[in-house]
Peer 1: 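Structure in structure tokens, see below.
The sequence lines fix the lettering, A, B, ..., with proteins before strands; numbering per chain opens at 1.
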Amino acid sequence: MTSRLENIKQQRREKLERLRNQGVDPYPHRYQRSHTTAEARELLTREEAGDTQAEEVSVAGRISAIRRMGKSSFADISDSSGKIQLLFQGSGFDEKLRNLLKDLDIGDVIGVRGGLLRTKSGEPTVQVSDFTLLAKSLQPLPEKWHGLSDTETRYRQRYLDLIANPEVKQAFKIRSQVISAIRQFLNERGFLEVETPVLQPSAGGALAQPFTTHHQALDRDLYLRIALELHLKRLIVGGFDKVYELGRTFRNEGISTQHNPEFTMLESYEAYADYQDVMAMLEEMVSQVSRQVLGTTEARFGEDTIDFKPPWQRLSLRDAVREHSGIDFAKYPTAETLGTEMRSRNIEVDQDKNWAKLVDELLKTFVRPKLIQPTFVIDYPVSMSPLAKSKPGEERTVERFQAFAGGMEIANAYTELNDPIEQRERFTEQLKERRGEDEERWTIDEDFLLALEYGMPPTGGLGVGIDRLVMLLTNQPSIREVILFPQLKEKGE
RNA sequence: GGGCCGCUAGCUCAACUGGCAGAGCAGCUGACUCUUAAUCAGCAGGUUACAGGUUCGACUCCUGUGCGGCUCACCA
């Protein structure tokens with residue numbers, strides 16, 4: 001009946017009671033530490049070099065190992081900067097501390113004070129003169145050597161993953177640095193960071209399924225945003241010439257190694273720029289972020305090494321598809337002819353896909369997996385891109401690019417369509433395609449069109465999938481490895 | 001949603017063709033004053049994800065369910 005876990009938990013609770021009876025507060029309010037563990041190690045090096053006088057330090061962290069050796073004991077504690085060894089020499093403490101030492105467990109959080117020394121084997125160590133319990137742990141931690149490898153537990157109890165697997169912590173530190181480097185890059189270029197609504201009466205700017213929610217007081221359904229685009233362009237109309245937003249977007253679609261229902265997107269809009277300018281900015285931004293965070297523009301990704309150094313290769317969509325699939329889609333201008341051509345090459349083709357979707361399928365199936373080094377695929381058919389502006393003299397083609405690296409789409413950008421009349425036509429066209437589906441959900445954003453009618457300057461827009469960019473820079477094969485709490489099904493009782 | 005794979009002690013993993021569920025770590029007791037995957041002696045700990053079925057006998061075979069992973073579909 002009593003499992004090991006029950007035993008352990010009971011033992012820990014007994015220890016907790018024992019400590020309380022001895023007047024020890026197992027959960028005190030604060031602790032004054034003088035150094036992080038990394039700073040303490042660095043201080044020792046300087047002391048040894050004679051650069052500074054020996055001094056006492058106080059450090060705090062979670063106990064990750066205890067090695068009891070009779071009269072003296074070693075322990076390791078770790079904080080967010082790293083870990084350091086502790087040496088307790090039992091005779092040095094009064095009875096209360098000796099008892100406390102006995103009842104310490106792996107997992108407890110403690111604060112210690114003492115001088116720094118290096119052991120025979122060269123390990124930087126705090127020789128503890130005084131210590132305090134800061135939080136008693138009542139649960140056993142994962143095993144110290146193999147860490148925690150069960151994927152499900154790693155995601156559901158990410159805190160355990162972070163405690164047990166230091167490299168996981170590292171990936172999320174990099175994520176944070178990437179985001180901060182992006183902000184720095186854009187701020188330095190005069191972009192204004194803004195925040196726009198997550199809750200929207202209609203979800204526009206992309207064609208994904210939105211999440212639905214309900215506002216009680218207003219008694220109306222609202223949607224979680226699927227893109228940032230339409231609001232940011234309103235701000236361009238309003239006279240903010242360079243804006244960006246870094247934020248969560250939500251798509252009610254399938255979950256995969258490259259898709260999480262909520263994910264982080266960067267969108268930026270720059271007045272008076274076109275997609276060529278945006279291309280130059282993106283390759284500059286990504287390479288600079290990589291240099292800043294990794295110290296190099298080269299990133300290891302699985303079997304490959306990706307070099308983000310500009311300029312990235314530029315390839316027209318038509319050439320890209322022709323090269324990798326052998327099909328020149330320009331020769332098959334309708335869904336029927338293109339579909340027939342694809343079927344004749346043994347490509348499975350969904351009957352009700354329109355022409356744009358077929359082209360997109362060719363791109364995803366044949367081209368995208370081949371694009372390991374950063375590549376701009378440019379000049380998309382207008383029917384795939386309702387918010388992008390046509391190329392001068394080429395009505396069927398728009399000034400748009402998608403950036404690929406590591407076989408993933410990481411960015412999408414275009415010269416924004418700012419002709420309100422044409423924009424309305426494109427929306428209407430799109431709505432026709434959608435007819436038969438959930439009618440109410442797909443409405444035209446009239447206020448956005450109204451904004452365009454006031455006049456939007458020529459604008460270059462950009463969307464970057466931050467999670468995927470972080471995957472590339474941290475060499476992670478799954479988006480769940482760069483999202484702290486990825487979406488999982490609820491576990492039944 | 002489809003296909004394939006997985007789920008055994010708190011953690012990491014064994015268990016042959018269907019024949020007594022086992023080890024290391026963690027835990028407990030004891031020894032040990034420079035250990036670092038400490039060591040040594042002993043102890044304890046299991047609804048083999050869940051529900052059925054086949055069988056003298058099921059961790060093992062079959063059916064279903066749950067959760068996870070990969071993949072396909074979906075995702076302009």
Peer 1: Are E481(A) and R154(A) close enough that some pair of their side-chain heavy atoms sits under 4.5 Å apart?
Peer 2: yes

Peer 1: So which nucleotide from A76(B), C75(B), U12(B) ends up closest to the side chain of S149(A)?
Peer 2: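 The answer is U12(B).
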
Peer 1: Using the P atom as the reference point in each nucleotide, state the distance between C4(B) and C62(B) in Å, no decimals.
Peer 2: 12 Å

Peer 1: When the P atoms of A37(B) and A49(B) are considered, how many whole Å apart are they?
Peer 2: 34 Å

Peer 1: Among the nucleotides C67(B), C34(B), A76(B), which one has an atom lying closest to any side-chain atom of M69(A)?
Peer 2: C34(B)

Peer 1: Output the single nucleotide from A76(B), U35(B), C70(B) whose closest atom is nearest the side chain of F74(A).
Peer 2: U35(B)

Peer 1: I'd like to check R345(A) versus S325(A) (side-chain heavy atoms, cut-off strictly below 4.5 Å). Are they in contact?
Peer 2: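 Of all side-chain heavy-atom pairs linking S325(A) with R345(A), none is under 4.5 Å.
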
Peer 1: Looking at the side chain of A208(A), which of G68(B), C75(B), U33(B) is the nearest nucleotide?
Peer 2: C75(B)

Peer 1: Out of U35(B), C13(B), C70(B), which nucleotide sits closest to the side chain of Q85(A)?
Peer 2: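 Looking only at side-chain atoms, Q85(A) lies closest to U35(B).
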
Peer 1: Taking atom C1' in both G30(B) and G69(B), compute the distance separating them and give it to the nearest angstrom.
Peer 2: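 One C1' to the other, the span is 45 Å.
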
Peer 1: Please compare G147(A) and S478(A) by the position of their nearest nucleotide in RNA chain B and report the one closer to 5'.
Peer 2: G147(A)

Peer 1: Considering the options V398(A), L317(A), N354(A), which one meets the side chain to side chain contact (heavy atoms under 4.5 Å, CB included) requirement together with M384(A)?
Peer 2: L317(A)

Peer 1: Give me the distance, rounded to whole Å, that separates U60(B) from A14(B) when you measure between the C1' atoms they each carry.
Peer 2: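 It works out to 14 Å between them.
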
Peer 1: Mind checking if R251(A) touches a base, just sugar-phosphate, or nothing, with heavy atoms under 4.0 Å?
Peer 2: nothing

Peer 1: Hey, does K120(A) reach any base, or is it just sugar-phosphate, or nothing, if we go heavy atoms under 4.0 Å?
Peer 2: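 Answer is base: heavy atoms of K120(A) come under 4.0 Å of a base.
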
Peer 1: Give the nucleotide from the list U12(B), C75(B), C70(B) with an atom nearest to the side chain of D150(A).
Peer 2: U12(B)

Peer 1: Look at the aromatic rings of W355(A) and F329(A) and report parallel, tilted or perpendicular, splitting at 30° and 60°.
Peer 2: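 It falls in the perpendicular class, over 60°.
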
Peer 1: Any ion pair linking R175(A) and D467(A) (charged N to carboxylate O, less than 4.0 Å)?
Peer 2: yes

Peer 1: Distance check, P atoms only: U39(B) and A26(B), in whole angstrom units.
Peer 2: 8 Å

Peer 1: When you look at CD of E395(A), are more than 12 heavy atoms from neighbouring residues, nucleotides or ligands closer to it than 6.0 Å?
Peer 2: no

Peer 1: Applying side chain to side chain contact (heavy atoms under 4.5 Å, CB included) between K83(A) and each of S78(A), P124(A), P166(A), report the one that passes.
Peer 2: S78(A)

Peer 1: Would you mind telling me which of C34(B), C75(B), U71(B) lies closest to the side-chain atoms of T257(A)?
Peer 2: U71(B)

Peer 1: Check for me whether the distance between the ring centres of F88(A) and F131(A) falls short of 6.0 Å.
Peer 2: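 They qualify: ring centres under 6.0 Å apart.
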
Peer 1: Does K357(A) put a side-chain nitrogen or oxygen below 4.0 Å from OP1 or OP2 of A76(B)?
Peer 2: no

Peer 1: Give the minimum heavy-atom separation between E409(A) and R468(A), together with the two atoms involved.
Peer 2: O-NH1, 2.9 Å

Peer 1: NA contact type, Y380(A), heavy-atom cut-off 4.0 Å: base, sugar-phosphate, or nothing?
Peer 2: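 If one applies the 4.0 Å heavy-atom cut-off, Y380(A) turns out to touch nothing in the nucleic acid.
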
Peer 1: What's the closest nucleotide to the K71(A) side chain, out of C11(B), U33(B), A76(B)?
Peer 2: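 Ranking C11(B), U33(B), A76(B) by closest atom to the K71(A) side chain puts U33(B) first.
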
Peer 1: Does the protein touch nucleotides 21-29 of chain B at the base, only the backbone, or not at all? Give it as B, S and - per nucleotide, heavy atoms under 4.0 Å.
Peer 2: ---BBBSS-

Peer 1: Hey, does the side chain of R156(A) come within less than 4.0 Å of G68(B)'s phosphate (OP1/OP2), counting only N and O?
Peer 2: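 Checking G68(B) against R156(A), a side-chain N or O does come within under 4.0 Å of OP1 or OP2.
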
Peer 1: On a whole-Å scale, what distance lies between the C1' atoms belonging to A44(B) and C5(B)?
Peer 2: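 The answer is 35 Å between these two C1' atoms.
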
Peer 1: Nearest whole angstrom, please: distance from the C1' of A76(B) to the CZ of F404(A).
Peer 2: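 Atom CZ in F404(A) sits about 12 Å away from atom C1' in A76(B).
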
Peer 1: By the 4.0 Å heavy-atom rule, please label R480(A) as base, sugar-phosphate, or nothing.
Peer 2: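 Sugar-phosphate only.
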
Peer 1: Give me the distance, rounded to whole Å, that separates G46(B) from A23(B) when you measure between the C1' atoms they each carry.
Peer 2: 14 Å

Peer 1: I'd like the P distance from G66(B) over to A51(B), given in whole Å.
Peer 2: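 Pairwise P distance, A51(B) against G66(B), rounds to 15 Å.
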
